[in-house]
Amino acid sequence: MLYNGEHVGDGTGPECDVAVDPIDGTRLAALGINNALAVLAVAERGTMFDPSAVFYMQKLVTGPEAADVVDLRLPVKQNLHLIAKAKGVKINQLNVMILDRDRHRGLVEEIREAGARTKFIMDGDVAGAIAAARSGTGVDALMGIGGTPEGIVTACAIKTLGGVIQGRLWPTNDDEKQKAIDAGHDLDRVLSTDDLVTGDNCYFAATGITDGDLLRGVRYAKDKVLTQSIVMRSKSGTVRFVDGEHQAHKWESYSRQS
C-alpha cells in the first residue's frame, strides 16, 4: 500500500497521482471467495481528492441512466424510486450491492422496506461499485459505508464508464473527526465523481485474483499462469479487457533476480 502523500518514482516522466489497492478484498483472496482484485488508478498530478485522516466514506454508486437524479442526501427509498424510474423498471427489480457489515443493518432494512433486493459482499467494494455502473451485471446500485481510498479509485473508473459515485466522509471517532475538520474538510459535504477526481484524464486498471462479477480470477495451466484484466481511460472512454498468458518458469526466474 501507499500512504497518503507518499512519493514514488525517480522524478522522470509526467507527475501524477497514484492510488493502489494490491488486494481489494484481502479476506476474499485468502478464502478463495469471489471478487478479489488487484487495483491501480492514475490521474494527473493534484486531481485526486485527499481525505487526510478519514478512511471511510458513505457511498452511493449507480450507472449512467440515473446519474443525474440521485442524491446521497435524499432518503434511501426516494433514491431507489429515482433509479427505478430512470431505468424504466419497477423498484422490486432493483439489486443493491452492499458490504455485509453490522453498521448497515438499518440501511438494509430501508432498502428492503422500499421493495428492492440486496446483494451482499464480504469485502471488495471497488468491484461492486463498477458492477453498479456497468450494464448487464445485475447490479443497479451500491450503497453503504466503505473505504475512502477505494472510493477515489472507483471514481477513476466511473469517469470512463459514466454513472456517478457520491460520497460523504464518515469519521469513526471524535479524534478522526477533529483531524478532518482541522484539515479543512466539511463533513456534511457530498462529494461527487468530479470532486473525488477533478481531472478528465485518468486511468484505472484491475486484475482478477478470484472469479467475480467483473473479472475472471487467476488460473493455472501446466507452465502458464492465466489472468484477466480490465483497463480504462477516461479521456477516450475506452474500456479494454486483457487476457494474459504468463510463463511460470520465467516469472520464477525474474522474481529470484529481483
Exercise for the section: Would you indicate whether the side-chain heavy atoms of Thr172 and Phe55 approach each other to under 4.5 Å? Expected result: no
Handout entry: Flag side-chain contact, heavy atom, 4.5 Å: Phe241 against Val239
Key = yes
Problem - Asp10 and Thr12: side chain donor to acceptor below 3.5 Å - result: yes
Problem - NE2 on His185 to NZ on Lys179, rounded to 0.5 Å - result: 12.5 Å
Practice task
List the steps and the verdict of side-chain contact (heavy atoms from CB on, under 4.5 Å) for Asp17 and Ile152.
Solution key: CA-CA 11 Å; Asp17 290 348; Ile152 296 167; over 6 Å; no
Problem - Inter-residue atom distance Leu226.CG - Asp243.CG, 0.5 Å rounding - result: 8.5 Å
Exercise for the section: Please tell me if the side chains of Leu107 and Ile98 come closer than 4.5 Å, counting only heavy atoms from C-beta onward. Expected result: yes
Fill in the blank from the handout: d(Arg27 CZ, Ile33 CD1) to nearest 0.5 Å is 7.5 Å
Practice task
In sequence, state the C-alpha distance, the side-chain angles, and the governing distance for Thr207 and Leu215, and then conclude on side-chain contact (heavy atoms from CB on, under 4.5 Å).
Solution key: CA-CA 7 Å; Thr207 297; Leu215 296 166; 5.5 Å; no
Handout entry: Criterion side-chain hydrogen bond (donor to acceptor under 3.5 Å, both in side chains) against Lys159, the qualifying member of Asp200, Asp194, Thr154
Key = Asp194
Exercise for the section: Write down the atom of Leu196, the atom of Ala155, and the distance for their closest heavy-atom approach. Expected result: CB-CB, 3.7 Å
Exercise for the section: State, with a plain yes or no, whether a side-chain heavy atom of Ser192 is found less than 4.5 Å away from one of Asp195. Expected result: yes
Handout entry: Option passing side chain to side chain contact (heavy atoms under 4.5 Å, CB included) with His104 (candidates Ile145, Thr118, Ile111)
Key = Ile145
Handout entry: Approximate separation, where rounding is to 0.5 Å, of Asp188 CG and Arg168 CZ
Key = 7.0 Å
Handout entry: Neighbour count above 12 (heavy atom, 6.0 Å) for Arg73 CZ
Key = no
Problem - Any side-chain heavy-atom pair of Ser234 and Val197 under 4.5 Å - result: no
Exercise for the section: Go through the steps to decide whether Arg105 and Val108 satisfy the test side-chain contact (heavy atoms from CB on, under 4.5 Å), and finish with yes or no. Expected result: CA-CA 5 Å; Arg105 286 180 181 176; Val108 170; 5.8 Å; no
Handout entry: Phe204: which of Val231, Val42, Leu161, Ile230 passes side chain to side chain contact (heavy atoms under 4.5 Å, CB included)
Key = Ile230
Exercise for the section: Determine whether more than 12 heavy atoms belonging to other residues, nucleotides or ligands lie under 6.0 Å from atom CG of Asp182. Expected result: yes
Practice task
Could you tell me whether the side chain of Gln166 reaches within less than 4.5 Å of the side chain of Asn79, counting heavy atoms only?
Solution key: no
Problem - More than 12 heavy atoms of other groups within 6.0 Å of Lys87 NZ - result: yes
Problem - Neighbour count above 12 (heavy atom, 6.0 Å) for Phe49 CZ - result: yes
Handout entry: Exam field: side chain Thr62 to backbone Asp140, donor-acceptor pair closer than 3.5 Å
Key = yes
Problem - Pairwise side-chain contact, Asp123 with Arg101, heavy-atom cut-off 4.5 Å (strictly under) - result: yes
Problem - Flag side-chain contact, heavy atom, 4.5 Å: Leu80 against Met143 - result: yes
Practice task
Report, as yes or no, whether the 6.0 Å neighbourhood of atom CG on Asn173 holds more than 12 heavy atoms from other residues, nucleotides or ligands.
Solution key: yes
Practice task
Please round to the nearest 0.5 Å and tell me the distance separating atom OG of Ser229 and atom CZ of Arg240.
Solution key: 13.0 Å
Practice task
Give the cluster check for Val61 versus Leu191: same hydrophobic cluster or not, with ILVMFWY residues linked at side-chain heavy-atom distances below 4.5 Å.
Solution key: yes
Handout entry: Check ion pair Lys250-Asp223 (N to O, under 4.0 angstrom)
Key = no
